[in-house]
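Everything below concerns the one structure shown next.
Throughout, a chain's letter reflects where its sequence line sits, starting with A, and its residues are numbered from 1. The model shown is predicted, which means the values in this text are computed figures rather than measured ones. The figures here come from the full heavy-atom set of this structure, side chains too, leaving out hydrogens, waters and symmetry mates.
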Amino acid sequence: MKKKAAIPANNRRYWLFKSEPSAFGIETLAKAAQQTAPWDGVRNYQARNFLRDDVSVGDYVFFYHSREEPLGIFGTMEVVRAGYPDHTAFDPKSKYYDAKSDPDNPRWIMVDVKLMQKFDSPITREQLQQEPTTAGMLVLKRGMRLSIQPVTTAEWQAVMKLVK
DNA sequence: GCCAACGTTGGC
DNA sequence: GCCAACGTTGGC
């Protein structure tokens with residue numbers, strides 16, 4: 001286990017959210033009204049628990065593109081609304097529909113994010129692997145499927161140093 | 001497009 | 001409550 005990073009004075013936490021750009025990429029967010037959108041469709045309990053219990057307004061988030069080259073971090077977002085029920089689970093027409101999510105006791109949670117910075121060029125997996133600090137990031141671990149991941153302060157700062 | 005790794009489901 | 005079978009994720 002890694003040592004826990006000290007909690008910054010302002011209490012901000014850092015995260016990495018993963019998405020397939022064919023479904024929802026950084027361009028989608030850039031074009032949204034106020035460059036703000038709900039991060040919906042999370043259907044994994046561990047990720048849901050982070051959204052419900054830990055992700056807070058003012059936290060900073062890396063936007064990571066999976067599945068499609070180039071793989072990597074494309075920009076940063078700020079959390080502008082804390083966890084609330086993911087209503088796509090109640091909509092039978094939604095691809096995220098879940099009949100077992102009861103509106104009176106919602107199973108799935110989403111947060112709203114606002115684009116902060118779209119990088120001129122993404123920080124690729126290869127770059128992350130080459131930097132000692134970022135090489136330990138969860139997203140690089142084999143078999144890591146979690147779509148909402150905590151990022152340490154040191155990792156955040158190390159990634160931002162790579163941004164041109 | 002392949003397939004290893006993973007999370008979930010369901011029979012027992 | 002175990003664990004095999006299944007469906008999905010996501011790097012390669």
**Study point:** Under 3.5 Å: donor-acceptor pair, side chain of A:Asp86, backbone of A:Trp108
**Key:** no
Exercise for review: Whole angstrom is fine here: how far is it from CH2 in A:Trp108 over to P in B:dG7?
Suggested key: 13 Å
Practice item. Using atom CG of A:Leu71 as one end and atom C1' of C:dT9 as the other, report the distance to the nearest whole Å. Key: 13 Å
**Study point:** Donor-acceptor contact present, side-chain A:Gln149 to main-chain A:Leu146, <3.5 Å
**Key:** yes
Check your understanding: Between B:dT8, C:dC12, B:dA5, which nucleotide gets closest to the side-chain atoms of A:Tyr45?
Key -> B:dT8
Exercise for review: Scan side-chain atoms only and decide if A:Arg125 and A:Tyr64 contain a donor-acceptor pair under the 3.5 Å cut-off.
Suggested key: yes
**Study point:** Interatomic distance, A:Ile148 CD1 vs B:dC6 P [rounded to whole Å]
**Key:** 19 Å
Exercise for review: Give the rounded distance in Å between these two atoms: CZ of A:Arg48 and C1' of B:dT8.
Suggested key: 14 Å
Check your understanding: Are OP1 or OP2 of C:dT8 and a side-chain N or O of A:Arg145 less than 4.0 angstrom apart?
Key -> no
Exercise for review: Could you tell me whether the phosphate oxygens of B:dA5, OP1 or OP2, come under 4.0 Å of any side-chain nitrogen or oxygen in A:Arg142?
Suggested key: yes
Point to revise | Integer-rounded Å distance: C:dT9 C1' and A:Leu140 CG | key: 16 Å
Exercise for review: Round to the nearest Å and state the distance from A:Glu68 atom CD to C:dT9 atom P.
Suggested key: 14 Å
Point to revise | Expected output: side-chain A:Ser101 to main-chain A:Asp98 donor-acceptor under 3.5 Å | key: no
Check your understanding: Between A:Tyr64 and C:dT9, does any side-chain N or O lie under 4.0 Å from OP1 or OP2?
Key -> no
Revision key, fill the gap. Between CG of A:Asp98 and C1' of C:dT8 the distance, given in whole Å, is 15 Å
Exercise for review: Using a heavy-atom cut-off of under 4.0 Å over every strand shown, decide if A:Lys141 touches base, sugar-phosphate, or nothing.
Suggested key: nothing
Practice item. Rounded to the nearest angstrom, tell me the gap between atom CZ in A:Arg43 and atom C1' in C:dG7. Key: 16 Å
